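Note that this is a predicted model, so its numbers are computed, not measured. What you see below is based on every heavy atom in this structure, not just the backbone, and it leaves out hydrogens, waters and symmetry mates.
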Amino acid sequence: VSYATVAAPTIFTPIVGVTSVAFSGDKVSTEKTTNMSTTSGVDTYISGTQEPGTCDIKCTYEPGEPSQVGLEAVRLAGAAVPFEVAYPLSLGGKNFSGIVESATISLPLDKLATIDYKVKLSGPWTIVTTGA
C-alpha cells in the first residue's frame, strides 16, 4: 500500500508495516420510480450515485517511522490523496483517491502495537491488472 501527497508529479510512498488491507463493498444507490402506471404493482428503480466505500489498512505501529508520520500528516490535512494497493502474488491491484478518516493506535502489553487506518475512497477507483 502506497500513498502520494501530491497529484503531479505522483511519487508514491510505501506504508511500512502493513499486515492487512480490506475494502468495503462499493454500493450503487437506487431511486424508486414506481408510479400509477407501473404494471402488476411491482416496484421499479433506476440507479443513482455510487458510494465507493472504504479501505481499512492495518499496520504494525512504529513510532517515528517516516511513512506512518507522513500518513498522519495527510490525515490532519483532510485532503484526498492518491493511493495504490498492489495485491500479492502479482494479482494486480487497485488505485484510488482517498481521505484518511482515522488512525487508531492500539498499545497492548503482550502483543505488537498496531495502527489501523480507515481511508474513505473519493471518486472512482481503477483496477490494475498484470499480464498473464
Side-chain angles (χ1 to χ4, degrees):
V1 179
S2 301
Y3 65 94
T5 55
V6 295
T10 305
I11 299 172
F12 284 95
T13 301
I15 302 171
V16 170
V18 175
T19 59
S20 72
V21 176
F23 288 95
S24 70
D26 59 333
K27 180 181 176 182
V28 175
S29 67
T30 55
E31 300 297 328
K32 192 172 185 176
T33 59
T34 308
N35 58 44
M36 298 299 279
S37 299
T38 303
T39 59
S40 302
V42 178
D43 287 335
T44 58
Y45 297 87
I46 60 170
S47 61
T49 60
Q50 180 179 358
E51 165 61 49
T54 61
C55 177
D56 297 323
I57 305 165
K58 297 185 181 294
C59 301
T60 303
Y61 179 52
E62 299 180 27
E65 197 288 312
S67 68
Q68 293 179 4
V69 170
L71 198 53
E72 176 64 9
V74 167
R75 185 188 70 78
L76 292 172
V81 299
F83 280 84
E84 61 180 12
V85 176
Y87 300 155
L89 305 174
S90 300
L91 295 174
K94 186 180 277 190
N95 293 345
F96 58 90
S97 179
I99 299 168
V100 181
E101 290 186 316
S102 65
T104 305
I105 297 172
S106 177
L107 302 166
L109 292 175
D110 59 344
K111 298 178 184 175
L112 286 174
T114 60
I115 185 164
D116 298 340
Y117 299 102
K118 181 173 284 295
V119 179
K120 179 70 170 174
L121 277 64
S122 178
W125 44 265
T126 57
I127 296 291
V128 177
T129 59
T130 58

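- By the criterion of side-chain heavy atoms lying less than 4.5 angstrom apart, applied directly or through intervening Ile, Leu, Val, Met, Phe, Trp or Tyr residues, Phe23 is grouped together with Leu91 in one hydrophobic cluster.
- Residues Tyr45 and Lys32 approach most closely at CD2-CA, 3.6 Å, considering heavy atoms.
- Taking hydrophobic clusters as Ile, Leu, Val, Met, Phe, Trp and Tyr residues chained together by side-chain heavy-atom distances below 4.5 Å, Trp125 does not share a cluster with Ile99.
- Residues Ala4 and Phe12 come closest through the heavy atom pair N-CD2, 3.8 Å.
- Considering all non-hydrogen atoms of both residues, Val85 and Val21 come closest at CG1-CG1, 4.3 Å.
- Residues Pro66 and Tyr3 approach most closely at O-OH, 4.3 Å, considering heavy atoms.
- Residues passing the ring pair (Phe, Tyr, Trp, His ring centres under 6.0 Å) test with Phe83, sequence neighbours excluded: Phe96.
- Within a 6.0 Å radius of NZ in Lys58, no more than 12 heavy atoms belonging to other residues, nucleotides or ligands are found.
- Separation of atoms OG1 (Thr54) and CG (Leu121) is listed at 7.5 Å; rounding is to 0.5 Å.
- If you take CD on Glu62 and CD1 on Ile15, they are separated by 12.0 Å, rounding to the nearest 0.5 Å.
- Met36 and Ile46 are not part of a single hydrophobic cluster, where members link through side-chain heavy atoms under 4.5 Å apart.
- Atom SG of residue Cys59 and atom CD1 of residue Ile105 lie 11.0 Å apart, to the nearest 0.5 angstrom.
- The only member of Val81, Val119, Val16, Val100 that meets side chain to side chain contact (heavy atoms under 4.5 Å, CB included) when paired with Leu71 is Val100.
- Looking at heavy atoms from C-beta onward, Pro82 lies out of side-chain contact with Asn95 at the 4.5 angstrom threshold.
- With rounding to the nearest 0.5 Å, the separation of OG in Ser2 from CD1 in Ile11 is 12.5 Å.
- Listed by first then second residue, pairs satisfying salt bridge (Lys or Arg N to Asp or Glu O under 4.0 Å) with a partner in residues 63-89 read Glu72-Arg75, not counting sequence neighbours.
- Of the inter-residue distances, the one linking Ser24 atom OG with Asp56 atom CG reads 7.0 Å to the nearest 0.5 angstrom.
- Under the 4.5 Å side-chain heavy-atom criterion for grouping Ile, Leu, Val, Met, Phe, Trp and Tyr, Ile115 is not connected to Leu109 through any hydrophobic cluster.
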Subject >> Test side chain to side chain donor-acceptor pair (under 3.5 Å) applied to Ser122 and Ser97, step by step >> reply: CA-CA 5 Å; Ser122 178; Ser97 179; 5.0 Å; no
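- Judged by distance alone, the side chain of Ser47 and the main-chain N or O of Thr30 form no donor-acceptor pair under 3.5 Å.
- The shortest side-chain heavy-atom distance between Ile57 and Val18 falls under the 4.5 Å cut-off.
- Side-chain contact between Thr38 and Asp43 is absent, with no heavy atoms from C-beta onward closer than 4.5 Å.
- Between the SG atom of Cys55 and the NZ atom of Lys118 there is a distance of 9.0 Å, given to the nearest 0.5 Å.
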